[in-house]
Q: 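Take this structure, written in structure tokens, and hold onto it; I'll ask about it next.
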Amino acid sequence: MTTTDDDRRPKYQRIADSLREAIQSGEYRPGDRLPGENDLMAAHGVARMTARQALGVLKDEGVAESRKGAGVFVRSFRPLRRRGIQRLAQEQWGSGRSIWSADIEDRTLVVDQVTVSEEAAPDQIGQVLGLADEETVCVRRRRFVLDGKPVLLATSYLPTSVVAGSAITQEDTGPGGTYARLAELGYKPVHFREEIRSRMPTKHEAAQLSISAGTPVILVCRTAFADEGRPVEINEMTLDAASYILEYDFDA
């Protein structure tokens, strides 16, 4: 980039770029405190709003995070590598392991919020699941927290007629999770389809994931199919984009 091009960038962007370069070079390491607004104002001769915008850019990118009363720090959270194919293999859930075990290695994952309810199926969900107008769905809503950081919101929809009376209607579905229980009910998943999109978060999503409003989220909608192409679950997931690397490894 030429000097002329550099000069055309807003001052806050130039400051953010210099801080980002310092982070990438190792001058500031994960967990280190970045220069505060007063420091940036003095060093760059800018107004407080400009300094605040510069730090805001790094927070929106997921590079830095605010700590109340302490300042802005280089984010120390290590992104989760989501292995999109390996995690859904039958050898995972079929042997009683969580599909997350393909991703988290020795890290600590907890589900700190779980609700299970029977509800009327939203129109699009009912259409995909092939439900009649009066049929209901079992809805499982969860929040997943990795190493103390919320990383995923998930809402699963399953036909009540399929899962009624099973462990799927309980908060704890048991070893292997929902897919192992579906297999026991005679609806073993044999095929999965995932659709991926991205957008900015809603206020509720930003609060639930502890991210700034400028950090995008990844939306993953997974449909699980049993034999003869019957859809048995739709899982709508909202991921903190700065917390994930999506990995898909397959043969040519």
Q: Holding to side-chain hydrogen bond (donor to acceptor under 3.5 Å, both in side chains), I want the full list of residues that pass it with Ser243, two or more places apart in sequence or in another chain.
A: Arg75, Asp240
Q: Sequence neighbours left out, what pairs pass salt bridge (charged side-chain N to carboxylate O under 4.0 Å, His left out) with at least one residue falling in residues 165-181?
A: Arg181-Glu184
Q: If the condition is side-chain hydrogen bond (donor to acceptor under 3.5 Å, both in side chains), which residues does Glu247 pass it with, not counting sequence neighbours?
A: Arg81
Q: With Arg20, which residues qualify under salt bridge (Lys or Arg N to Asp or Glu O under 4.0 Å), at least two apart?
A: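 Result, salt bridge (Lys or Arg N to Asp or Glu O under 4.0 Å) vs Arg20: Asp17, Glu61.
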Q: Ring pair (Phe, Tyr, Trp, His ring centres under 6.0 Å) with Phe144: which residues, sequence neighbours excluded?
A: Trp100
Q: Can you name the side-chain hydrogen bond (donor to acceptor under 3.5 Å, both in side chains) partners of Arg140, sequence neighbours left out?
A: none
Q: Listed by chain and number, what are the side-chain hydrogen bond (donor to acceptor under 3.5 Å, both in side chains) partners of Asp147, not counting sequence neighbours?
A: Arg107
Q: Which pairs with one or both residues in residues 204-217 pass salt bridge (charged side-chain N to carboxylate O under 4.0 Å, His left out), sequence neighbours excluded?
A: Arg199-Glu205
Q: Taking ring pair (Phe, Tyr, Trp, His ring centres under 6.0 Å) as the definition, give me every residue that meets it alongside Phe73, ordered by chain and number, with sequence neighbours left out.
A: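 Phe73: no ring pair (Phe, Tyr, Trp, His ring centres under 6.0 Å) contacts found.
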Q: Suppose the criterion is salt bridge (charged side-chain N to carboxylate O under 4.0 Å, His left out): which pairs have a residue in residues 115-128, not counting sequence neighbours?
A: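 Only Glu119-Arg141 qualify under salt bridge (charged side-chain N to carboxylate O under 4.0 Å, His left out).
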Q: Per the ring-ring contact (aromatic ring centres under 6.0 Å, His included) rule, what does the pair list look like for residues 147-171, sequence neighbours excluded?
A: none
Q: Which pairs pass salt bridge (charged side-chain N to carboxylate O under 4.0 Å, His left out) with one or both residues in residues 49-58, sequence neighbours excluded?
A: Glu37-Arg52
